[in-house]
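Just so it is clear, the values below take in all heavy atoms, side chains as well, and ignore hydrogens, waters and symmetry mates. All chains are named by letter (A, B, ...) in the order of the sequence lines, taking the proteins before the strands, and each is independently numbered beginning at 1.
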Amino acid sequence: MVPEKPVLEGLEEKWRARWDAAHAYRFDRQARREDVFAIDTPPPTVSGSLHVGHVFSYTHTDVIARYQRMRGKAVFYPMGWDDNGLPTERRVQNFYGVRCDPSLPYDPAFVPPAKPGKQPISVSRPNFVELCERLTAEDEAVFERLWRYLGLSVDWSMTYATISAASRSVSQLAFLRLIQRDLAYQLEAPTLWDVDFRTAVAQAELEDREMPGAYHRVRFARPDAGFVEVETTRPELLPSCVALVAHPDDPRYQPLFGTEVVTPLFGVPVPLKAHPLADPEKGSGVAMICTFGDITDVTWWRELSLPVRAVVQANGAFRPVTWGAEGWESHDPARAQTHYDQLAGQSAVKARARIVELLRESGDLLGEPRPITHHVKFFEKGDRPLEIVTSRQWFIRTMAEREALLERGRTLEWHPEYMRARFENWVNGLNGDWCVSRQRFFGVPFPVWYRVRDDGTTNFDARLLPDEADLPVDPSTDVPAGFTAAQRGVPGGFIGDPDVMDTWATSSLTPFIVCGWGGRDDALFKQTFPMHLRPQAHDIIRTWLFSTVLRSHLELDMLPWAHTAISGWVLDPDRKKMSKSKGNVVTPMALLEEHGSDAVRYWAAKGGPGVDTAFEPGQMKVGRRLAIKLLNASKFVLARTEPIGPVTEPIDLGMLGELVALEQKVTDSLDAYDYAAALRDIEAFFWTFCDYYIELVKRRRQADDAAARSAISASRIALSAVLRMFAPFTPFVTEEVWSWWQTGSIHQAQWPATSLPEAATSGEIDTYMRACAVTRRIREERSALNLGFRVPVEAEMRLPATHQEAWEQMRGDVLGGSNVAAARVTFDLADDAPLEVHLTPQTLPEV
RNA sequence: AGGCGCGUAGCUCAGCUGGUUAGAGCGCCUGCUUGACAUGCAGGAGGUCGGCGGUUCGAGUCCGCCCGUGCCUACCA
């Protein structure tokens with residue numbers, strides 16, 4: 001039934017509830033593999049907040065999902081929540097005012113305070129994890145409500161979370177398999193380290209920030225009483241200096257290679273080495289190698305076989321050192337000790353200030369520090385520069401796979417194509433294997449225990465691994481086979497690996513998690529893997545996309561999906577990325593409520609694949625207008641649905657000819673993931689349909705003859721097809737209109753493939769176009785003469801000779817549609833000449 | 001510093017493998033209570049397609065250089 005006054009308000013809630021009740025988007029487990037379209041949806045970080053960028057890119061995916069469903073695919077479209085990891089820990093700490101202290105025992109009676117107190121409460125790790133789970137459950141409910149309101153056609157029965165038992169199980173199983181094949185290994189090595197979070201971080205999590213710094217010119221004594229001068233930005237690392245280095249071809253230092261110099265303040269003899277990575281242009285051409293100031297230090301240390309003198313501890317403070325002891329030899333241990341004792345326990349920043357004073361006093365600082373700005377590596381979520389700390393970490397082999405990964409990237413179909421460069425860029429820039437262990441609490445634990453030697457030390461080579469059937473395990477509470485809980489941490493017993501995995505180590509397995517890999521659901525895995533589409537934004541190509549390709553490559557020797565569709569970012573009007581810190585984010589729910597979900601989706605879908613798109617309420621208003629137009633135009637078409645009959649009139653056939661061409665074009669665009677082009681074309685057709693076709697046939701269809709039947713039938717055919725083509729973009733309004741006159745959901749209807757009536761020839765499209773052109777000329781003329789539509793006019797027209805034949809076929813529609821009472825027409829213009837139309841108002845007889 | 005985008009009407013953008021007077025929507029201006037829609041309809045104004053060179057019968061479209069802008073990578077001596 002067509003409502004008297006159709007409105008958009010309330011459609012979101014109405015249809016969300018009905019789709020939900022009907023399980024409209026449930027995946028068909030019986031579908032054949034070739035009929036499945038599987039989507040690997042990005043699990044949003046639930047501890048963060050959803051922003052317009054999410055609405056933007058998830059809409060893109062949903063358009064594709066709905067399109068594929070209408071093409072007859074069994075769409076596999078699960079949603080996940082990324083609740084695993086540091087962001088959740090931070091949110092829980094702030095929300096409840098707690099801190100995790102793994103040394104505390106579990107307190108089953110613990111209740112968090114209603115409001116966080118001034119001082120954080122220390123809680124055990126199990127208590128902390130409980131709070132994480134509790135808060136993420138609340139966050140997930142909010143997220144789900146938004147997604148449903150937006151109209152994502154997700155199968156909510158398959159929702160997963162990256163910290164769930166199933167995800168932990170998959171994550172641990174995949175890890176065990178890597179260990180078995182020596183693709184994961186543990187190593188005590190210098191690693192990038194965040195001193196506040198006290199954890200190792202991976203290359204993918206780094207970001208550079210511009211920081212103020214200063215060059216300090218420091219002199220090292222040479223045996224011949226001269227000096228070597230070194231420029232350093234980190235003078236505080238002087239006590240950890242193990243060598244100086246210059247370029248092998250640098251004539252200034254060639255005579256000194258192989259000789260020793262002595263560090264100022266600490267009197268440590270260190271060699272002067274040659275290495276091609278030293279840049280003669282930088283500073284004095286000589287660099288101080290410390291253990292470790294940056295990753296170049298690590299390279300030099302390894303390649304030049306240098307000793308370690310580490311001073312920065314895991315918490316960022318300088319460790320205590322006994323000078324003169326082994327490894328800390330000095331020409332003057334007492335003096336070194338006096339100096340160093342002023343640094344011990346200090347942070348890098350404080351130690352730097354102190355050592356500059358000491359160097360100045362000793363005369364070893366030449367001139368004053370020269371301020372500069374330079375780029376410093378940070379953990380992307382961190383507040384202080386990363387240090388390099390030697391620690392035992394797990395790594396997944398990536399360096400050996402670089403060529404193979406590039407090949408995977410070439411096989412994958414990228415939308416848009418040029419995003420592949422981001423991937424290749426990243427793979428080519430990898431500088432080490434992937435460090436996957438984190439010294440944190442809320443994450444997937446490593447499924448590993450170690451034997452404890454009789455002397456109480458841990459024997460990391462004696463690993464105890466769980467049976468695959470027992471996964472997931474928590475080695476901090478579970479006990480390895482053959483041991484008892486009482487043997488934990490005691491000589492001769494065992495100890496669990498204390499670390500958790502990098503969140504990407506789990507997120508990289510989303511295709512495995514959702515498809516039932518690892519024996520959890522073999523039938524589902526066969527049905528859905530490899531998946532068809534990985535949609536995501538371009539900022540996580542180096543993390544999520546890369547790591548997923550890597551894991552699938554290592555485990556299954558194949559790509560996890562055939563296509564990837566990369567969304568751009570939402571930019572604010574100043575072309576900056578929208579972000580919380582800039583205070584320019586818009587709450588998505590408020591946005592949807594203000595403009596309507598269809599309208600917001602319309603805006604989102606206009607942002608083509610990969611294109612950064614401005615946040616523009618204007619476009620949402622346009623989308624809203626479109627949705628309203630759909631209601632009204634549909635109402636008008638459906639106001640006369642009978643009598644029907646064969647489509648025979650040239651104008652009708654021409655319009656349908658256009659429609660068929662449109663369907664082909666739109667289908668091609670969507671097959672190529674170009675939803676923006678598809679939407680533009682449908683929209684253009686629809687407005688022409690409203691402004692010209694409907695106006696042309698308005699009067700004709702009021703009759704009860706064959707010509708009327710033709711118009712009514714053609715209108716219905718076109719409306720049906722247009723609604724279905726709009727359905728992936730504006731699911732609510734199209735479903736609403738569909739329900740007026742059709743049974744079933746439009747979202748389960750077939751994608752339109754209109755066939756032209758027998759009567760159609762190629763000529764009708766021209767007739768239709770000419771009818772539109774003549775109509776347009778008449779309207780221009782009316783406007784120029786200020787004659788309102790209601791004023792009947794007489795027309796004198798000159799048309800191109802080529803119009804003559806068509807004219808007989810369109811005459812009635814054109815004159816009727818433009819309220820022209822009488823027309824005199826001649827056909828003597830050249831084909832490309834402008835149509836000539838002259839109107840004179842017809843004086844109506846007085847009524 | 002390398003790589004990849006982008007630079008077209010006041011704004012947001014479309015212009016595919018080069019081909020007649022460069023398009024859309026918004027905004028603006030003018031007119032219209034047309035029997036689906038004033039949440040609407042009709043019409044209009046508005047662009048030397050970032051710049052300079054080149055290829056071509058012909059370039060917004062291809063090539064080179066430059067400028068602006070954004071992102072990715074690199075950059076702690």
Starting from [atom2] on [N], measure out to [atom1] on [X] and report it in whole angstrom.
X	N	atom1	atom2	result
Asp674(A)	C16(B)	CG	C1'	10 Å
Arg701(A)	G35(B)	CZ	P	14 Å
Ile540(A)	C72(B)	CD1	P	13 Å
Lys606(A)	C11(B)	NZ	P	18 Å
Asn431(A)	C76(B)	CG	C1'	15 Å

Inset, instruction - Verify whether the ring centers belonging to Trp687(A) and Tyr692(A) lie closer than 6.0 Å. - result: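 No, ring centres 6.0 Å or more apart.
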Legend entry - His538(A) ring center within less than 6.0 Å of Trp569(A) ring center: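 Ring-ring flag for Trp569(A)/His538(A): true, centres closer than 6.0 Å.
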So which protein nitrogen or oxygen atoms get under 3.5 Å of nucleotides 21-31 of chain B's nitrogens or oxygens?
from, atom 1, to, atom 2, distance (Å)
G31(B), O2', Asn786(A), OD1, 3.2

Side chain of [X], base of [N]: donor and acceptor closer than 3.5 Å?
X	N	answer
His375(A)	C75(B)	yes
Lys629(A)	C37(B)	yes
Arg777(A)	G43(B)	no
Glu695(A)	A36(B)	yes

Legend entry - Partners passing salt bridge (charged side-chain N to carboxylate O under 4.0 Å, His left out) against Arg370(A) (at least two apart in sequence or in another chain):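 If we apply the salt bridge (charged side-chain N to carboxylate O under 4.0 Å, His left out) test to Arg370(A), skipping adjacent residues, the hits are Glu231(A).
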Report yes or no: is the cationic atom of [X] (NZ for Lys, CZ for Arg) under 6.0 Å from the centre of the six-membered ring of [Y], at an angle within 45° of the ring normal?
X	Y	value
Lys350(A)	Phe318(A)	no
Arg222(A)	Phe227(A)	no
Arg234(A)	Tyr215(A)	no

Inset, instruction - Could you check Thr775(A) against Tyr418(A) and say which one's nearest nucleotide on RNA chain B is further toward the 5' end? - result: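 Closer to the 5' end of RNA chain B: Tyr418(A).
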[atom1] atoms of [N] and [M], separation to the nearest Å:
N	M	atom1	result
G5(B)	G43(B)	C1'	39 Å
U69(B)	C28(B)	P	31 Å
C11(B)	G51(B)	C1'	23 Å

Legend entry - Out of G44(B), U34(B), C75(B), whichever nucleotide has its closest atom nearest the side chain of Lys377(A):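 For Lys377(A), the side-chain atoms sit closest to C75(B).
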Legend entry - Counter-base of A36(B), judged by Watson-Crick or G-U geometry with both distances under 3.5 Å: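 None - no nucleotide pairs with A36(B), as no candidate has both distances under 3.5 Å.
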Legend entry - NZ/NE/NH1/NH2 to OD/OE distance under 4.0 Å, Arg700(A) and Asp813(A):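 Looking at Asp813(A) together with Arg700(A), the answer is yes, because their closest N to O distance falls below 4.0 Å.
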